[in-house]
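One structure is given below, encoded as structure tokens.
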Amino acid sequence: MSVAGLKKQFYKASQMVSEKVGGAEGTKLDDDFRDLERKVDVTSKAVVEVVSKTSEYLQPNPASRAKLSMLNTMSKIRGQVKNPGYPQAEGLLGECMAKYGRELGEETNFGGALVDVGEAMKRLAEVKDSLDIDVKQNFIDPLQTLCDKDLREIQHHLKKLEGRRLDYDYKKKRQGKIPDEEVRQALEKFHESKEVAENSMYNLLETDIEQVSQLSSLVGSQLQYHRQAVQVLEELSDKLRDRVNEAQSRPRREYTPKPKPIFDFGDNNHSNGGYPTSMAPLPSRNSEPPFPFTKLSFRKPGLSPEQPSCKALYDFEPENEGELGFREGDIITLTNQIDENWYEGMLNGQSGFFPLNYVEVLIPLPH
């Protein structure tokens, strides 16, 4: 920094101390300017808060938002262009219903109904995905651009204005010690910064039609989402009504038990309570056990004792790119702990992320 720059910083700092500590009064800005500044400040706070609350509206579950944030961060680290989307609750419920409906059998009334509702729920998830995309593109992104560009530029102008005001006030109080030309130049720069800041705030507030249009886009996206959701649910309601009517009109079938098998008890002196030894043979006292219990080893195969590892307590089906799927009882090699909720590990040559509460740690990661 040049000598002139250092002097200017000293002037501004001295004037600020005089005002904050000594109670000195600086140059007052007019009421119209202060009103513009107040409205821009409110606009800035509103944009930041609305963007945050809109994200919560699209995905109310904070755990899902944290999970998505972690996955997006890992996607950027790995250089992946496409980031995973929100795990819609409707889609997860639909997958669950469709899975058990097929296991039960679509030919059964309940199984078929589960599949119908599951497929409808997955359609609702697709509709919700469309809502997320529309709201992000037409509402969140424009507001974020406003915050990152226009509002940040205004803050820059206001900060520069405050610095020039302090510089001018310092020199004005020391007229005679500081050349009049320097005081005049400081006043010109102060008025120049005030004009630039005032114009930028005025232009922002006068073009608020853009923000109103973005709000209109948000409502339009919501309206389209609810129309499509109503259509899906009405079709599903008609299907379920038909199933109920068909089930009620179908004659009830009486259950006919199968005939019980007849056993020949034979001699009552059998040691197994009367059943023939051919049906329930008892092992002799000299027979060997089916496997040598004394030779069992509880060491996990393929892992050295020092290898950090964990055991799966439940099945984990990956829902997003980068997650590691496994089955209950699988032994997973631990490679890293991402945060308080997620591990990174390897299984069968595959690497990925999985939640802590799905596993039991056998050998912890080194601290």
Side-chain angles (χ1 to χ4, degrees), residues 42-43 45-72 75 82-102 106 109-148 207-247 317-321 323:
V42 173
T43 300
K45 292 177 181 177
V47 168
V48 172
E49 190 75 9
V50 166
V51 167
S52 173
K53 296 299 182 184
T54 304
S55 298
E56 292 179 18
Y57 159 73
L58 293 175
Q59 182 50 264
N61 189 340
S64 296
R65 291 200 304 275
K67 177 179 177 182
L68 179 66
S69 176
M70 183 273 294
L71 291 173
N72 286 340
S75 297
K82 186 176 180 181
N83 294 333
Y86 280 131
Q88 303 295 357
E90 295 89 342
L92 299 177
L93 177 58
E95 289 288 350
C96 174
M97 288 183 168
K99 170 188 172 184
Y100 286 105
R102 293 189 184 97
E106 294 185 51
N109 202 24
F110 183 43
L114 277 174
V115 171
D116 288 342
V117 178
E119 294 300 325
M121 285 294 175
K122 288 193 279 186
R123 288 176 60 193
L124 286 177
E126 294 174 359
V127 174
K128 188 70 178 297
D129 283 335
S130 298
L131 172 68
D132 288 354
I133 293 171
D134 289 344
V135 171
K136 186 175 186 304
Q137 289 179 346
N138 301 319
F139 184 68
I140 293 180
D141 286 351
L143 285 184
Q144 193 64 54
T145 300
L146 175 69
C147 185
D148 294 341
T207 57
D208 58 359
I209 182 62
E210 296 180 8
Q211 285 75 60
V212 177
S213 299
Q214 290 151 12
L215 282 169
S216 178
S217 296
L218 169 66
V219 175
S221 299
Q222 290 173 304
L223 186 60
Q224 179 69 9
Y225 162 71
H226 287 292
R227 282 173 177 165
Q228 293 176 337
V230 166
Q231 181 180 354
V232 171
L233 292 174
E234 283 180 345
E235 293 174 4
L236 175 62
S237 179
D238 291 340
K239 284 184 179 181
L240 293 177
R241 190 181 301 112
D242 291 342
R243 284 188 176 277
V244 171
N245 293 335
E246 181 185 352
E317 297 291 342
E319 299 168 2
N320 298 285
E321 186 176 356
E323 293 181 347

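Worth saying up front: this structure is predicted, and the values here are computed from it rather than measured.
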Q. For L215 and V219, what are the C-alpha separation, side-chain angles and deciding distance, and is it a side-chain contact (heavy atoms from CB on, under 4.5 Å)?
A. CA-CA 6 Å; L215 282 169; V219 175; 5.8 Å; no

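- In summary, of the residues considered (L124, V232, D129), a side-chain contact (heavy atoms from CB on, under 4.5 Å) with E90 occurs for L124 alone.
- Comment: R123 engages E235 in a salt bridge, judged by a side-chain N to carboxylate O separation of less than 4.0 angstrom.
- Nearest approach of M121 to G94, heavy atoms of both residues: CB-CA, 3.6 Å.
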Q) salt bridge (Lys or Arg N to Asp or Glu O under 4.0 Å) between E246 and K239: does it pass, once the steps are laid out? A) CA-CA 11 Å; E246 181 185 352; K239 284 184 179 181; over 6 Å; no

Q: Evaluate the criterion side-chain contact (heavy atoms from CB on, under 4.5 Å) for residue pair L223 and R227; output intermediate values, then yes/no.
A: CA-CA 6 Å; L223 186 60; R227 282 173 177 165; 3.5 Å; yes

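- Atom CD of E317 is separated from atom CD of E323 by 10.5 Å, given to the nearest 0.5 angstrom.
- Nearest heavy-atom pair, C147 versus V47, reported as atom, atom and distance to 0.1 Å: CB-CG1, 3.9 Å.
- By the 4.5 Å heavy-atom criterion applied to side chains, L131 and K128 are counted as neighbours.
- Atom CG of N109 is separated from atom CG of L240 by 9.5 Å, given to the nearest 0.5 angstrom.
- Annotation: the span from D208 atom CG to Q214 atom CD amounts to 10.5 Å, rounded to 0.5 Å.
- Using a 4.5 Å cut-off on side-chain heavy atoms (C-beta onward), D134 and Q224 make no contact.
- Of the possible donor and acceptor atoms, one in the side chain of T145 sits under 3.5 Å from a partner among the backbone N and O of D141.
- For the pair K122 and G91, the tightest heavy-atom approach, listed with the atom from each and the gap, is CG-O, 4.2 Å.
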Q: Evaluate side-chain contact (heavy atoms from CB on, under 4.5 Å) for R241 paired with D238, printing each intermediate quantity in order.
A: CA-CA 5 Å; R241 190 181 301 112; D238 291 340; 2.8 Å; yes

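- Counting only distance, with no hydrogens or angles, the side chain of S221 and the backbone of S217 share a donor-acceptor pair below 3.5 Å.
- In this structure, the separation between NZ on K99 and CG on L114 is 12.5 Å, given to the nearest 0.5 Å.
- Under the 3.5 Å distance criterion, the side-chain polar atoms of E49 are left unmatched by any main-chain donor or acceptor of K45.
- The distance from atom CD of Q144 to atom CZ of F139, rounded to the nearest 0.5 Å, is 11.5 Å.
- A side-chain donor-acceptor contact under 3.5 Å links S130 to the backbone of E126.
- In terms of heavy atoms, S55 sits closest to I140 at OG-CD1, 4.1 Å.
- Rounded to the nearest 0.5 Å, atoms CD (Q222) and OH (Y57) are 4.0 Å apart.
- Here the side chains of N138 and L218 are not in contact, with every heavy-atom distance at 4.5 Å or above.
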Q) For R243 and D116, what are the C-alpha separation, side-chain angles and deciding distance, and is it a side-chain contact (heavy atoms from CB on, under 4.5 Å)? A) CA-CA 11 Å; R243 284 188 176 277; D116 288 342; 2.9 Å; yes

